[in-house]
Number of protein chains: 2
Amino acid sequence: MRQITGEAGVNLAAVNYHFGSKESLMQEVFRRRLDWLNDERMRVLNALETEAAGKPLKPSLIVDGFFGTLLRMADDDERGGVTFLRLLGRTLTDPSEFIRTFLAHEYASVVDRYKEALFKALPDVPKAEIVWRFHFMLGATSYAIAGTDALRLVTDWQIEDADSTDRLDRLVPRLMSFLLGGLRAPLPQFPDEVTKQ
Amino acid sequence: MRQITGEAGVNLAAVNYHFGSKESLMQEVFRRRLDWLNDERMRVLNALETEAAGKPLKPSLIVDGFFGTLLRMADDDERGGVTFLRLLGRTLTDPSEFIRTFLAHEYASVVDRYKEALFKALPDVPKAEIVWRFHFMLGATSYAIAGTDALRLVTDWQIEDADSTDRLDRLVPRLMSFLLGGLRAPLPQFPDEVTKQ
DNA sequence: CTATGATTAAAACGAACGTATGAATCACGC
DNA sequence: GCGTGATTCATACGTTCGTTTTAATCATAG
């Protein structure tokens with residue numbers, strides 16, 4: 001709080017006066033960004049489904065609508081840019097109880113719509129499997145967003161290191177093809193099912 | 001500290017007496033687990049490479065050696081079980097500076113060996129792409145480990161909810177096929193390269 | 001038994017945190 | 001210009017945190 005109000009050039013008590021508490025401030029920060037993001041996601045999916053006129057969508061379009069829309073926020077300083085994406089990435093993995101509940105509520109309907117679209121797009125894949133892979137995709141994405149610096153230490157990163165805007169241009173297609181590859185991977189063999197076949 | 005020493009039934013000052021500081025205690029916790037994990041990973045990779053006698057390894061074996069070995073720690077209460085995996089998952093995404101540096105140091109050589117094995121196994125995939133996909137795989141795995149409860153709120157999880165040991169039996173193959181699918185996905189098209197072709 | 005070094009125990013320190021308080025300042029309709 | 005409600009300010013409260021201190025207890029060699 002002292003750091004935030006300090007950099008904002010206002011008094012420490014301002015947050016509690018205007019927002020009530022630290023948690024309320026955080027909720028407002030997330031709401032400001034996530035409302036836009038989820039509206040945009042809904043808009044994209046609606047457009048896709050209208051155009052498809054009842055036919056299943058291509059998985060790549062669905063994945064791009066959900067994760068691509070998120071990643072492209074990084075380019076938009078008006079929407080928080082990379083800073084917000086990093087905050088979100090961290091929050092998705094290290095969730096304090098209250099903010100996790102809030103995120104769940106904020107996200108639920110959008111995630112449900114996209115899940116349904118994926119069910120329809122991949123009728124041969126069991127629904128449970130799709131939900132799991134959605135989970136994995138979220139993880140890969142959160143990590144890619146939040147941990148840009150984290151991995152640079154683990155591996156000695158002999159990778160091109162242009163300015164960050166350039167890196168984002170390349171991160172999105174890279175992550176997209178990874179996510180799609182994972183989403184459409186052959187179904188797993190469970191140990192207890194091997195004998196059944 | 002008070003919670004830890006409390007549950008251990010010892011005095012608060014015990015940690016500072018025996019370990020020096022909270023950070024040193026954490027380092028020791030991670031070292032105890034990661035030394036074993038990374039030794040095991042090295043052992044597995046060495047065995048694979050010996051058996052292959054210079055020929056490239058199957059990517060699935062490499063991925064299983066790195067991520068499968070990690071996940072199977074969850075079954076081994078002697079090695080920390082799910083508790084340690086959750087701690088590690090959280091730490092990989094929310095890294096305080098000092099512990100991230102420590103993890104990087106602890107991991108570097110193992111990650112390098114596995115990266116080299118992947119380079120050799122996938123000669124047609126640019127090295128930079130493999131490093132990125134390694135990153136993505138780490139993210140999906142960390143999230144799968146740490147966020148078992150987190151996603152259950154986001155999606156209304158109409159998934160079988162057996163006891164956790166059963167869920168682990170199924171999580172490993174599920175995650176493995178996702179990771180492999182992502183690792184071997186078609187290469188991405190970068191916007192600025194489209195015109196070149 | 002006693003001396004000595006290691007360990008444990010109780011208590012407090014100083015810093016950081018979110019929040020609350022009361023006075024000072026501001027904006028603005030009358 | 002004055003009064004009133006909203007806002008800003010300095011300040012302090014009460015906790016929690018990691019650490020430190022000092023005394024008590026323990027183990028053990030002589």
Side-chain angles (χ1 to χ4, degrees), chain A residues 1-35 78 80 82-107 142 145-147 149-150 153, chain B residues 1-35 80-107 142 145-147 149-150 153:
Chain A
M1 305 282 280
R2 288 168 221 273
Q3 187 181 347
I4 290 172
T5 53
E7 286 183 31
V10 300
N11 190 268
L12 170 64
V15 168
N16 287 286
Y17 178 76
H18 287 282
F19 293 89
S21 68
K22 177 190 170 188
E23 296 200 346
S24 301
L25 170 65
M26 295 176 65
Q27 282 201 22
E28 220 50 50
V29 169
F30 280 105
R31 195 193 314 279
R32 177 171 62 148
R33 302 299 182 202
L34 292 182
D35 278 357
E78 208 72 31
V82 285
T83 305
F84 173 69
L85 257 59
R86 269 211 261 269
L87 171 64
L88 183 63
R90 276 194 46 166
T91 309
L92 283 175
T93 52
D94 178 331
S96 4
E97 178 58 31
F98 96 97
I99 202 79
R100 198 173 50 187
T101 311
F102 170 72
L103 283 186
H105 177 268
E106 189 89 347
Y107 259 122
S142 305
I145 291 169
D149 311 314
L153 286 162
Chain B
M1 304 283 278
R2 286 166 222 274
Q3 188 181 347
I4 290 172
T5 52
E7 285 183 32
V10 300
N11 189 269
L12 169 63
V15 168
N16 287 287
Y17 178 76
H18 286 282
F19 292 88
S21 68
K22 179 190 169 188
E23 296 200 347
S24 300
L25 170 65
M26 294 175 66
Q27 281 202 23
E28 219 51 50
V29 169
F30 279 105
R31 194 192 315 278
R32 176 171 62 149
R33 301 300 182 203
L34 291 182
D35 278 357
V82 284
T83 304
F84 174 69
L85 258 60
R86 268 213 260 271
L87 172 64
L88 183 63
R90 277 195 46 166
T91 308
L92 283 177
T93 52
D94 177 331
S96 4
E97 180 56 33
F98 97 95
I99 202 80
R100 199 175 49 187
T101 310
F102 170 72
L103 283 186
H105 177 268
E106 189 87 347
Y107 259 122
S142 304
I145 292 169
D149 310 313
L153 286 162

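Values below: all heavy atoms of this structure, side chains included; hydrogens, waters and symmetry mates excluded. Labels below follow one simple rule: chain letters A, B, ... track the order of the sequence lines, proteins then strands, and each chain is numbered from 1. Every value quoted in this text rests on a predicted model; they were computed, and no experiment measured them.
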**Study point:** Euclidean distance, atom CG of residue B:Asn16 to atom P of D:dC17 [Å, nearest integer]
**Key:** 14 Å

Practice item. Could you work out which one of D:dC9, C:dT19, D:dT20 sits closest to the side chain of B:Ala13? Key: D:dT20

**Study point:** Where A:Thr5 and A:Asn11 come nearest, the two heavy atoms and their spacing
**Key:** CG2-O, 3.5 Å

Study note, to complete from the structure: B:Glu23 CD to D:dT19 P, in whole Å, measures 7 Å

Study note, to complete from the structure: CZ (A:Phe19) and CD (A:Glu28) are apart, to the nearest 0.5 Å, by 6.5 Å

Exercise for review: Measure the spacing between OG of B:Ser21 and CD of B:Gln27 and express it to the nearest 0.5 Å.
Suggested key: 8.0 Å

Review point. Counting just side-chain N and O atoms, does A:Asn11 come under 4.0 Å of either OP1 or OP2 of D:dA10?
Key: yes

Review point. What nucleotide, of D:dT8, C:dA6, C:dT19, holds the atom closest to the side chain of B:Tyr17?
Key: C:dA6

Point to revise | Smallest separation among heavy atoms of B:Asn16 and B:Met1, with atom names | key: ND2-CE, 3.8 Å

**Study point:** Comparing B:Gly20 and A:Gly9 on DNA chain D - which has the more 5′ nearest nucleotide
**Key:** A:Gly9

Point to revise | d(CG, A:Leu25; C1', C:dT19) in whole Å | key: 14 Å

Practice item. Counting heavy atoms from C-beta on, name the nucleotide in D:dT19, D:dG18, C:dT19 closest to the side chain of A:Met1. Key: C:dT19

Review point. Phosphate oxygens OP1/OP2 of D:dT8: is one of them under 4.0 Å from a side-chain N or O of A:His18?
Key: yes

Point to revise | Euclidean distance, atom CZ of residue A:Arg2 to atom P of C:dT19 [Å, nearest integer] | key: 11 Å

Point to revise | Separation of D:dT21 P from B:Leu12 CG (nearest whole Å) | key: 15 Å

Revision key, fill the gap. Between NZ of B:Lys22 and C1' of D:dT20 the distance, given in whole Å, is 17 Å

